Amino acid sequence: SMQYDTDELRKLALKLLPRARNNLRKDGFLTPVGLALLPDGSVETFAFQWKTLEQKRTLQLSFQMNLRDRNARAAVVILETWVKYIDDDVIDLTEPNLSVKDMPGRKEAIVVEAGSPFGRVVIVQTFTKTKAGSVSFDDPREFSAEDAELSSEFLDVIWPAHGNSGRTEH
């Protein structure tokens, strides 16, 4: 079965991004989802819903255990979050110790994280919602483990991003 290296992960993420944009346009929000790419070629989808940080951590843990138990070849997590670009690096503003409202220049974004034992790619597409309810998208930006410190609360535990193994979970 396929080895999902950086190139394959990028293709996968870019294939899923337009679907996420369409869902956001249609519904006005994005339900966070996780996809597990299994050895037999099938894809299992998980819809994540949490209200508290504790619920989110529980979901992350069960997703990670599922990936491990099923011997998943790769996984993708798609979510809507707040980000702020600093220089060319990206900061994710959903960390509980950061207060989003105090961050000038923050933007809403679709984030697609694709990971495997062989790589990690994150695509971030910021957007603006107009008062009328339409969505205006900026160009997507890609970050791969080679050029950024990529951390993923969903994927690090099972497949640490290269060069990112020293990071501790909050």
Side-chain angles (χ1 to χ4, degrees), residues 1-83 90 92-96 108-127 140-170:
S1 68
M2 189 146 81
Q3 271 200 0
Y4 284 89
D5 60 11
T6 303
D7 283 340
E8 291 300 331
L9 291 169
R10 179 183 299 114
K11 280 182 211 159
L12 187 59
L14 288 171
K15 198 169 79 177
L16 293 163
L17 185 62
R19 290 189 214 173
R21 282 198 302 261
N22 290 341
N23 288 341
L24 183 71
R25 275 203 186 95
K26 196 177 77 223
D27 302 330
F29 64 92
L30 210 54
T31 301
V33 293
L35 306 176
L37 284 78
L38 303 177
D40 66 2
S42 67
V43 178
E44 195 170 341
T45 306
F46 301 80
F48 300 122
Q49 288 185 302
W50 65 81
K51 286 203 166 61
T52 67
L53 190 62
E54 194 181 1
Q55 287 170 348
K56 183 181 181 186
R57 294 288 180 253
T58 304
L59 284 168
Q60 286 166 342
L61 189 61
S62 66
F63 183 61
Q64 288 153 0
M65 289 173 75
N66 204 292
L67 294 177
R68 196 173 283 142
D69 293 346
R70 307 291 298 278
N71 195 22
R73 293 287 178 256
V76 184
V77 175
I78 304 167
L79 31 92
E80 184 182 345
T81 187
W82 289 93
V83 299
V90 65
D92 181 339
L93 297 188
T94 53
E95 285 296 311
E108 286 180 283
I110 296 174
V111 176
V112 181
E113 303 177 346
S116 77
F118 309 104
R120 171 86 54 84
V121 171
V122 175
I123 296 185
V124 178
Q125 185 158 26
T126 51
F127 62 86
R141 291 172 66 171
E142 179 194 321
F143 301 89
S144 62
E146 287 80 56
D147 61 16
E149 283 286 295
L150 289 186
S151 59
S152 164
E153 295 181 335
F154 285 88
L155 302 177
D156 283 354
V157 172
I158 181 161
W159 302 312
H162 305 290
N164 192 38
S165 52
R167 177 179 178 272
T168 55
E169 267 299 345
H170 300 300

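Remember, it's a predicted structure, so these values are computed and weren't measured experimentally. As a basis for the values below, the full set of heavy atoms in this structure was taken, side chains included, without hydrogen atoms, waters or symmetry mates.
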Q: Tell me the ring-ring contact (aromatic ring centres under 6.0 Å, His included) pairs involving residues 5-40, sequence neighbours left out?
A: none
Q: Considering only NZ, NE, NH1 and NH2 on the basic side and carboxylate oxygens on the acidic side, decide whether Lys11 and Glu8 come within less than 4.0 Å.
A: yes
Q: Is any side-chain heavy atom of Arg25 less than 4.5 Å from a side-chain heavy atom of Asn22?
A: yes
Q: Could you check whether any side-chain heavy atom of Ile123 comes within less than 4.5 Å of a side-chain heavy atom of Leu16, counting everything from C-beta outward?
A: no
Q: Using the side-chain contact (heavy atoms from CB on, under 4.5 Å) rule, take Arg73 and Asn71 through it: C-alpha gap first, then chi angles, then the decisive distance, then the call.
A: CA-CA 6 Å; Arg73 293 287 178 256; Asn71 195 22; 3.4 Å; yes
Q: Hey, does Trp159 have a side-chain heavy atom less than 4.5 Å from the side chain of Ser152?
A: no
Q: Roughly how far apart are Asn23 CG and Ile78 CD1, rounded to 0.5 Å?
A: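 Taking CG in Asn23 and CD1 in Ile78, the distance rounds to 8.5 Å.
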Q: List the steps and the verdict of side-chain contact (heavy atoms from CB on, under 4.5 Å) for Trp50 and Gln60.
A: CA-CA 10 Å; Trp50 65 81; Gln60 286 166 342; 6.0 Å; no
Q: So among Asp7, Val112, Leu14, Leu9, which one has a side chain to side chain contact (heavy atoms under 4.5 Å, CB included) with Val121?
A: Leu9
Q: Can you name the residues that form a side chain to side chain donor-acceptor pair (under 3.5 Å) with Ser42, not counting sequence neighbours?
A: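 Ser42 satisfies side chain to side chain donor-acceptor pair (under 3.5 Å) with Asp40 only.
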Q: I want to check something: taking the side chain as every heavy atom from C-beta on, are Glu153 and Arg57 in contact at a cut-off of under 4.5 Å?
A: yes
Q: Is the shortest side-chain heavy-atom distance between Glu44 and Asn66 below 4.5 Å?
A: yes
Q: So which heavy atom on Phe154 is nearest to which on Val77, and how close?
A: CB-CG2, 3.6 Å
